[in-house]
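Remember, it's 1-based here, ligands and their atoms both numbered in the order they're listed. One is the number of the first residue; the rest follow in order along the sequence.
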Amino acid sequence: MSHQTERQESEEPEGNEGNLRGEAVQKEVMKKRRREDEDDDESPSKKQVTDHGVKVASHYNKLQEVGLAARSRSRIFFMRNFNNWLKSVLIGEILDQVRKAGNKRVCVLDLGCGKGGDLLKWRRGGIDHLVCADIAAVSVEQCQSRYDEMKRKSYSNEKLFSAQFITADCSKEVLPEKLDDGELMFDICSCQFVYHYSFESEQKADMMLRNACERLKPGGFFIGTTPDAYELVKRLEASDSLSFGNEVFKVSFQSKGSYPLFGCQYHFSLEEVVDVPEFLVYFPLFEHMAKRYNMRLVLKQRFSEFFKEKVKNEQHRSLMMKMMALEPYPCEDGGQQATDSRDEYAAAQEHCEKAGVRPPLGTLSRSEWEATSIYLVFVFQKMS
Ligand SMILES: C[S@@+](CC[C@H](N)C(=O)[O-])C[C@H]1O[C@@H](n2cnc3c(N)ncnc32)[C@H](O)[C@@H]1O
């Protein structure tokens with residue numbers, strides 16, 4: 001057993017709070033709603049709802065592109081690679097399912113695409129069309145330039161998907177109205193590390209969900225990654241202050257003990273990457289709301305569980321070895337593209353030596369693991 005596996009096993013999630021279903025969920029939601037309504041001034045519905053969209057956009061717009069060398073010096077280098085591996089596996093498996101269902105032309109919506117950290121994953125997946133949308137205009141521009149560059153560098157016999165880039169607050173605006181092809185339907189909507197920004201209010205969470213699901217074909221998938229509210233609250237309750245974290249991340253709440261369904265804000269700061277208010281996503285409510293769009297939850301798994309399951313597969317394991325060595329994909333904050341895995345490995349060795357960090361095949365530090373194990377993976381499928 002590897003050092004990494006041992007560490008991750010010790011991080012097993014507790015309980016099955018996330019497994020509420022059907023009536024139980026309804027009851028829980030109604031109970032929470034009533035409690036929230038009774039809860040005088042603490043209720044976010046009675047508080048003035050501030051617009052965080054502006055803050056989110058300006059934060060992401062300000063994020064600098066940094067090169068590979070700088071990234072390899074980052075204390076979250078391995079965590080970022082791990083997250084990229086996890087997204088690659090998720091995307092790859094969902095694309096397999098879409099193809100098994102017999103879909104020839106695959107269209108994808110990347111909701112909250114950022115600077116295009118997943119573009120190469122879509123190319124490797126051989127999709128046909130991609131719509132990238134994000135609230136941060138600068139990120140969308142960088143995403144488009146990255147795509148243009150990819151197109152410029154691809155060989156004439158190489159297939160590259162067509163793409164459209166949209167700057168929009170997807171928790172406020174109706175995305176399909178902005179599509180070049182007004183009739184376009186998607187096989188997949190991918191919403192990676194984004195959905196929690198919309199849980200500021202019911203209207204926003206619903207609009208984001210509508211944008212994600214309304215244009216999905218029957219049988220289509222809504223996939224994503226988001227922090228697990230139970231895990232956040234568990235760690236907060238275990239802390240003797242209003243925050244918890246370590247040298248790579250910090251989560252701070254304004255109070256504890258009562259957690260409104262919407263607008264339950266916390267501040268997540270992750271070294272160099274995210275330092276912006278987010279909102280708890282009460283998953284049973286998310287699942288309940290998704291039913292409005294005919295969506296059925298097919299998978300909800302903490303990163304730790306997902307990792308343990310997927311790493312058993314030889315292909316996923318070797319991709320992990322490659323990706324933990326060095327990002328073969330440009331990640332969220334930019335980067336160069338290595339030509340093949342040996343170059344990537346050699347480049348990683350060199351960068352790590354120069355930067356004085358652990359060898360590339362070293363695994364996540366405990367601090368990185370504590371940060372990434374907050375997240376969960378979800379997959380919804382549209383019922384026909
Ligand atoms: C942590 S980044 C993730 C980027 C990308 N999905 C990835 O995995 O690399 C979160 C992204 O969500 C975007 N975002 C947040 N709120 C949004 C909204 N209301 N509409 C569209 N994009 C939003 C941010 O601008 C940012 O690019």
Open item on the list: Give the atom numbers and elements of ligand 1 that come within less than 4.0 Å of a heavy atom of Ala168.
Closed with: 20 (N), 21 (C)
Open item on the list: Parallel, tilted or perpendicular: which one describes the rings of Phe286 and Tyr195, with boundaries at 30° and 60°?
Closed with: parallel
- [ ] Report the member of Thr225, Leu175, Asp169, Val56 with the shortest heavy-atom distance to atom 19 (N) of ligand 1.
- [x] Asp169
Open item on the list: Evaluate Asp110 for polar contact with ligand 1, using N/O atom pairs at a separation under 3.5 Å.
Closed with: no
TODO: Considering the heavy atoms of Ala136, write down every atom of ligand 1 situated less than 4.0 Å from one of them.
DONE: 25 (O)
Task: Any Lys204 heavy atom less than 4.0 Å from ligand 1 - done: no
Open item on the list: Taking atom NZ as the centre, does Lys250 end up with more than 12 heavy-atom neighbours from other residues, nucleotides or ligands that are less than 6.0 angstrom away?
Closed with: no
Open item on the list: For a 4.5 angstrom cut-off between non-hydrogen side-chain atoms, does Met79 reach Leu270?
Closed with: yes
TODO: Could you tell me whether some N/O pair between Ile135 and ligand 1 is separated by less than 3.5 angstrom?
DONE: yes
Open item on the list: Show the nearest heavy-atom pair for residues Thr167 and Ala136, with the distance to one decimal.
Closed with: CG2-C, 4.4 Å
- [ ] May I ask you to check whether Tyr197 has an N/O atom sitting below 3.5 Å from an N/O atom of ligand 1?
- [x] no
Open item on the list: Within 45 degrees of the ring normal and closer than 6.0 Å to the centroid, is that where the cationic atom of Lys300 sits relative to Phe283?
Closed with: yes
Task: Numbered atoms of ligand 1 (with element) below 4.0 Å of Ser171, judged on heavy atoms - done: 19 (N)
Task: Close approach of Ser198 to ligand 1, heavy atoms, under 4.0 angstrom - done: no
TODO: Nearest heavy atom to atom 13 (C) of ligand 1 wins, so pick from Asp134, Asn84, Leu119, Asn83.
DONE: Asp134
- [ ] With heavy atoms of Cys113 as the reference, note each atom of ligand 1 found under 4.0 Å away.
- [x] 5 (C)
TODO: Could you grab the distance from atom CG of Leu376 to atom OG of Ser373, nearest 0.5 Å is fine?
DONE: 11.5 Å
Task: Closest non-hydrogen atom pair between Phe161 and Arg123, with its separation - done: CE2-N, 3.5 Å
TODO: Heavy-atom distances under 4.0 Å are what count here, so tell me which part of Cys191 touches ligand 1: side chain, backbone, both or neither.
DONE: neither
Open item on the list: With heavy-atom distances below 4.0 Å as the criterion, list the atoms of ligand 1 near Phe193.
Closed with: 1 (C), 8 (O), 10 (C)
Open item on the list: Is the positively charged end of Lys234 above the ring of Tyr230, judged by distance under 6.0 angstrom from the centroid and angle within 45° of the axis?
Closed with: no
Open item on the list: Looking at every non-hydrogen atom in both residues, tell me the closest pair between Phe165 and Cys143 and how far apart they are.
Closed with: CE2-SG, 3.7 Å
- [ ] Only heavy atoms count here, so choose which of Val276, Val194, Asn211, Thr167 is nearest to atom 12 (O) of ligand 1.
- [x] Val194
Task: Nearest neighbour of atom 20 (N) of ligand 1 from the list Cys143, Cys132, Ser190, Cys170, on a heavy-atom basis - done: Cys170
Open item on the list: Nearest 0.5 Å, please: how far is CZ in Phe221 from CD in Glu93?
Closed with: 11.0 Å
TODO: Output yes when Asp134 and Lys115 qualify as a salt bridge under the 4.0 Å nitrogen-oxygen rule, no when they do not.
DONE: no
Open item on the list: Below 4.0 Å, non-hydrogen atoms only: which portion of Ala57 touches ligand 1? Side chain, backbone, both or neither.
Closed with: neither
Open item on the list: Would Ser139 count as being in polar contact with ligand 1, using the rule that some N or O on each side must be under 3.5 angstrom apart?
Closed with: no
